[in-house]
> 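Can you keep this structure in mind? I'll have questions shortly.
A note on names: the letters A, B, ... follow the listed sequences, proteins ahead of strands, and every chain is numbered from 1.
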Amino acid sequence: MASSTNSAFRVRFAPSPTGYLHVGGARTALYCYLLARHMGGAFVLRIEDTDEERSTEESMRMQIADLEWLGLRWDEGPHPQTLKDLGPHGPYRQSQRKHLYQDYAQRLIKSGHAFYCFMTDEELEQQRKQAEASGQAQQILSPYRDRALSEAQARLARGEKAAIRFKVNPVKRDYVLNDLVRGEVVFPSDMVGDFVLIRSSGMPVYNFCCVIDDVLMQISHVYRAEEHLSNTLRQMMIYEALGAKLPQFGHLSIILGPDKQKLSKRHGATSCNEYRLNGYLPQAINNFIAMLGWSSPKGQEIMSMAEMTEQISLDRFNSSPAVFDDQKLKWVNASHLRALPDDELWTLIQPFLESAGIKVPSDTGWRHRALELMKPYMSTLADSVELFKPLARGSFQVLPEAQETLAWESSRAVVGKWMEIIQGHPKAHLSEEEFNAAQEQVKSSCQVKGKFLFMPIRVAVLGKPHGAELKILVPLLDKSELVARAQTVLNGMA
RNA sequence: GUCCCCUUCGUCUAGAGGCCUAGGACAACUCCCUUUCACGGAGUAGACACGAGUUCGAAUCUCGUAGGGGACGCCA
């Protein structure tokens, strides 16, 4: 990991606060964070809340909380708790930077790169329809682009509203972008019409804010989603008009659902928050989404944040879209989960057990043994609920899958004998050895062995013929509970 | 419609002209471990979208076709 500071390497993550943080956004943020740490540069969080209709303070807080949960700390941006600006390039919320955009828009008007446009919605709609009908490119060509500035100022003085549009040079030429993930991309300049910089409401538009902020915040590398690729042409034009240096761009592929369509709500969980609620670990989410479009040069699959930070580089990103595979995510999560120290794992499991109303003994020895036993069965924290249920009092039930075992001729006798032995046991708990001895007793008394011995006892303890090792499980349950369970099974067999 | 991007096993990917009879991982299947299941271990099966070209040689370079995605907003 590069430890020296590199003030020339500056990246930003710029979400718009309209809901929870999406896994796609999380991946962009992760790459930026990792790259910043690796290069010893700065990671900036900027809130793109210029869409007044959809942006909410609530969403911003949620996204900040999600980034915090993932452990993607930013060096500059809103403070995670107080939301106060952190860093020398603030404010970091675009809604608080309007004066800057206005300022730059005025400069562009003065330099002849922008103009006031008084087109109405109806006129715009009409132009669009005409273009559509004629099969031509649907670019806006504003009739106001070459009017005298004094004329516009007069109308403005009368209280009329106008948008500020960028004046695209009518002489066609190619703009060449050297994308960090896609290589050379060529855009013909007539791909776009005179696009809006500032809405008539005075609120600037994404493509404009983005450029102004990246320039002012001295962003050197812009990693963002592929859907912004064609926006880059507009942004290149603005950079050019401003005489500003272009940052390096890297357009990351999108993340798809199992049906190869862009990942969305109908595919199930897509927000980081949902994954948190479903018992996924932040380090697992990070690890998994990192591999959607990037791969370790060592071919490593399970990686810590430190390892990813060490191995990340500008140039290993994949340009083709990736399908989000829940199965593999589960495996990654399970791997990270099993690597967790027991104390830590227990702390994480606690809320899941609590909300499911599962009460288990509080002594650490018991917890330690229980965890060691259950770990191999757990792939998410939420799995602990089903796993620990059999260890809780009063939750016992015989599951349908136990019927086959119970139907064996000898099963009734085995369960009966088992109950009898436990009932007569002098202590409240059986040790592993005592359990083995009890099992031996049943064996000789009932004259059965193998699965005919083992499975019915398992059902009498767990209510099902599968699960963790009995010799560890049984000592975790107290005698009265074991008896009650055997009795329940016996009753059910009558 | 116009422009831009993408295309290696079911999925994530390795692969930068000969190291590729294409490697790894998840999932599947088989076996081992285990008096169950899981964990772990060993295997099996499974892909260069298609067609031309360049080259002694192409998954890798070029062009075309097909399919998928994106942009064309006073959304981001």
> Using atom P of each nucleotide, how far apart are A28(B) and G67(B) to the nearest Å?
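Their P atoms lie roughly 34 Å apart.
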> Looking at Asp103(A) and Arg107(A), is there a salt bridge between them, counting it only when a charged N and a carboxylate O are closer than 4.0 Å?
yes
> Look through every strand shown and name the nucleotide pairing with A71(B) as Watson-Crick or G-U wobble, where both distances are under 3.5 Å.
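U2(B) - that is the nucleotide pairing with A71(B), both distances being under 3.5 Å.
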> Is any NZ, NE, NH1 or NH2 atom of the basic residue among Arg12(A) and Glu48(A) found under 4.0 Å from an Asp or Glu carboxylate oxygen of the other?
no
> Determine whether the aromatic ring centres of His228(A) and Tyr206(A) lie less than 6.0 Å apart.
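So the answer is yes for these two rings.
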> Sequence neighbours excluded and cut-off under 3.5 Å, please list the side-chain donor-acceptor pairs for residues 448-471 of chain A, or say none.
| residue | atom | partner | partner atom | Å |
| --- | --- | --- | --- | --- |
| Arg458(A) | NH1 | Gly467(A) | O | 3.4 |
| Arg458(A) | NH1 | Ala468(A) | O | 3.1 |
| Arg458(A) | NH2 | Ala468(A) | O | 3.3 |

> Side chains of Thr28(A) and Arg224(A): is there a donor and an acceptor less than 3.5 Å apart?
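No, no side-chain donor-acceptor contact under 3.5 Å.
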> If pairing requires Watson-Crick or G-U wobble contacts with both distances under 3.5 Å, which nucleotide is the partner of U36(B)?
none
> Phe166(A) vs Phe195(A) aromatic rings, parallel, tilted or perpendicular, using cut-offs 30° and 60°?
parallel
> Under a 3.5 Å cut-off for both distances, is A25(B) Watson-Crick or wobble paired, and to whom?
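The answer is U11(B), by the H-bond criterion.
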> Rounded to whole angstrom, note down the C1' distance from A38(B) over to A47(B).
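Those two atoms are separated by 31 Å.
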> Write down the atom of Leu34(A), the atom of Ile312(A), and the distance for their closest heavy-atom approach.
O-CG2, 3.7 Å
> Once you apply the 3.5 Å cut-off to both distances, tell me the Watson-Crick or G-U wobble partner of C48(B), or none.
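None - no nucleotide pairs with C48(B), as no candidate has both distances under 3.5 Å.
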> Between U7(B) and U60(B), how far is it from one C1' atom to the other, in whole Å?
14 Å
> Suppose you measure atom C1' in G51(B) against the same atom in G46(B); what distance do you get, rounded to whole Å?
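Looking at atom C1' only, G51(B) and G46(B) are 25 Å apart.
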> Taking the nucleotide of RNA chain B with the nearest heavy atom to each, does Ile254(A) or Trp331(A) sit closer to the 5' end?
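Residue closer to the 5' terminus by nearest nucleotide: Trp331(A).
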> Quick one: Glu301(A) CD to G24(B) C1', roughly how many Å, whole number?
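After rounding, the reported distance stands at 7 Å.
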> Does Tyr20(A), at its OH atom, have more than 12 non-hydrogen atoms belonging to other residues, nucleotides or ligands within less than 6.0 Å?
no
> Does a side chain donor of either Asn273(A) or Ser271(A) reach within less than 3.5 Å of an acceptor in the other side chain?
no
> Base, sugar-phosphate, or nothing for Gly299(A), non-hydrogen atoms under 4.0 angstrom?
nothing
> Quick check with a 6.0 Å cut-off and a 45 degree axis cone: is Arg155(A) positioned over the face of Phe118(A)'s six-membered ring?
yes
> Both Gln261(A) and Ser253(A) contact RNA chain B. Taking the nearest nucleotide for each, which residue is further toward the 5' end?
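The residue mapped nearer the 5' terminus is Ser253(A).
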> So which protein N/O to nucleotides 46-49 of chain B N/O distances come out below 3.5 Å?
none

> With heavy atoms under 4.0 Å as the rule, sort Ser16(A) into base, sugar-phosphate or nothing.
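Sugar-phosphate contact only.
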> Ignoring hydrogens and angles, answer whether the base of G69(B) and the side-chain atoms of Glu227(A) contain a donor-acceptor pair closer than 3.5 Å.
no
> Can Ser142(A) and Arg147(A) be said to form a side chain to side chain donor-acceptor pair (under 3.5 Å), step by step?
CA-CA 10 Å; Ser142(A) 170; Arg147(A) 302 282 181 83; over 6 Å; no
> Does Ala14(A) reach a base, just sugar-phosphate, or nothing at all? Heavy atoms under 4.0 Å.
nothing
> Can you tell me the base-pairing partner of U54(B)? Count Watson-Crick or G-U wobble geometry only, both distances below 3.5 Å, and say none if there is no partner.
none
> Any base atoms under 4.0 Å from His228(A), or only sugar-phosphate, or nothing? Heavy atoms, all strands.
base
> So that I can tick it off, tell me whether Lys298(A) and Glu307(A) are bridged by a salt bridge, with the cut-off set at under 4.0 angstrom between side-chain N and carboxylate O.
no
> In residues 434-450 of chain A, what residues come within less than 4.0 Å of RNA chain B, judged by heavy atoms?
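Contacts with RNA chain B under 4.0 Å: Gly450(A).
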> With a 4.0 Å cut-off on heavy atoms, is Leu124(A) in touch with a base, just the backbone sugar-phosphate, or nothing at all?
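It contacts base atoms.
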> Sugar-phosphate means primed atoms, P, OP1 and OP2; the rest is base. With that split, encode nucleotides 4-11 of chain B 5' to 3' as B, S or - using protein heavy atoms under 4.0 Å.
SBSS---S
> So, does Arg316(A) get its side chain near the phosphate of G15(B), meaning an N or O under 4.0 Å from OP1 or OP2?
yes
> Given the side-chain rings of Phe317(A) and Tyr223(A), with only the six-membered ring counted for Trp, is the space between their centroids under 6.0 Å?
yes
> P atom, C48(B) versus A22(B): distance in rounded Å?
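Result for the P pair: 11 Å, nearest Å.
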> Taking atom P in both A58(B) and C72(B), what distance in whole Å separates the two?
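It comes out at 42 Å once rounded to the nearest Å.
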> Can you give one letter per nucleotide of nucleotides 59-65 of chain B, 5' to 3': B if a protein heavy atom sits under 4.0 Å from the base, S if only from the sugar-phosphate, - if neither?
-------
> For the aromatic rings, using the six-membered ring if either is Trp, is the centroid distance between Phe288(A) and Phe324(A) under 6.0 Å?
yes
> For Tyr175(A) and Phe249(A), run ring pair (Phe, Tyr, Trp, His ring centres under 6.0 Å): C-alpha distance rounded to whole Å, both residues' side-chain angles, the deciding distance at 0.1 Å, then the answer.
CA-CA 14 Å; Tyr175(A) 280 75; Phe249(A) 288 98; over 10 Å; no
> Tell me: NZ of Lys330(A) to C1' of A25(B), nearest whole Å?
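Value for this atom pair: 18 Å.
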> So Arg224(A), base contact, sugar-phosphate only, or nothing? Heavy-atom distance under 4.0 Å.
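No contact.
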> Between the side chains of Asp49(A) and Ser95(A), is a donor N or O closer than 3.5 angstrom to an acceptor N or O?
yes
> Got a salt bridge between Glu386(A) and Lys389(A), using NZ or NE/NH1/NH2 to carboxylate O under 4.0 Å?
yes
> Please determine, for A42(B), whether a Watson-Crick or G-U wobble partner exists with both distances under 3.5 Å, and give it or none.
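U30(B) is the nucleotide pairing with A42(B).
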> Are Ser295(A) and A14(B) close enough that a side-chain N or O sits under 4.0 Å from OP1 or OP2?
yes
> Does the structure show a Watson-Crick or G-U wobble partner for G17(B), both distances under 3.5 Å? Name it, or say none.
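Checking every strand shown, G17(B) finds no partner, since no pair has both distances under 3.5 Å.
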> Would you measure the distance from the P atom in A25(B) across to the matching atom in A14(B) and give it in whole Å?
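A25(B) and A14(B) have their P atoms separated by 15 Å.
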> With hydrogens left out and only the distance checked, is there a donor-acceptor pair under 3.5 Å joining Tyr377(A)'s side chain and the base of C39(B)?
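No, the side chain and the base share no sub-3.5 Å donor-acceptor pair.
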> Measuring to OP1 and OP2 of A76(B), would you say a side-chain N or O of Arg54(A) lies under 4.0 angstrom away?
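It does not, given that no N or O in the side chain of Arg54(A) lies less than 4.0 Å from OP1 or OP2 of A76(B).
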> Within this structure, what is the CZ-to-C1' distance between Phe288(A) and A27(B), rounded to whole angstrom?
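My rounded result for the distance is 12 Å.
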> Any base atoms under 4.0 Å from Met119(A), or only sugar-phosphate, or nothing? Heavy atoms, all strands.
base
> Tell me whether the OP1 or OP2 atom of C75(B) has a side-chain N or O from Thr18(A) closer than 4.0 Å.
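The answer is no; no side-chain N or O of Thr18(A) sits under 4.0 Å from OP1 or OP2.
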> When you compare the protein's N or O atoms with those of nucleotides 29-34 of chain B, which come within less than 3.5 Å of each other, and at what distance?
none

> Are the charged groups of Lys262(A) and Glu226(A) less than 4.0 angstrom apart, N to O?
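So Lys262(A) does not pair with Glu226(A) through a salt bridge.
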> In whole angstrom, give me the gap between the P atoms of C5(B) and U62(B).
12 Å
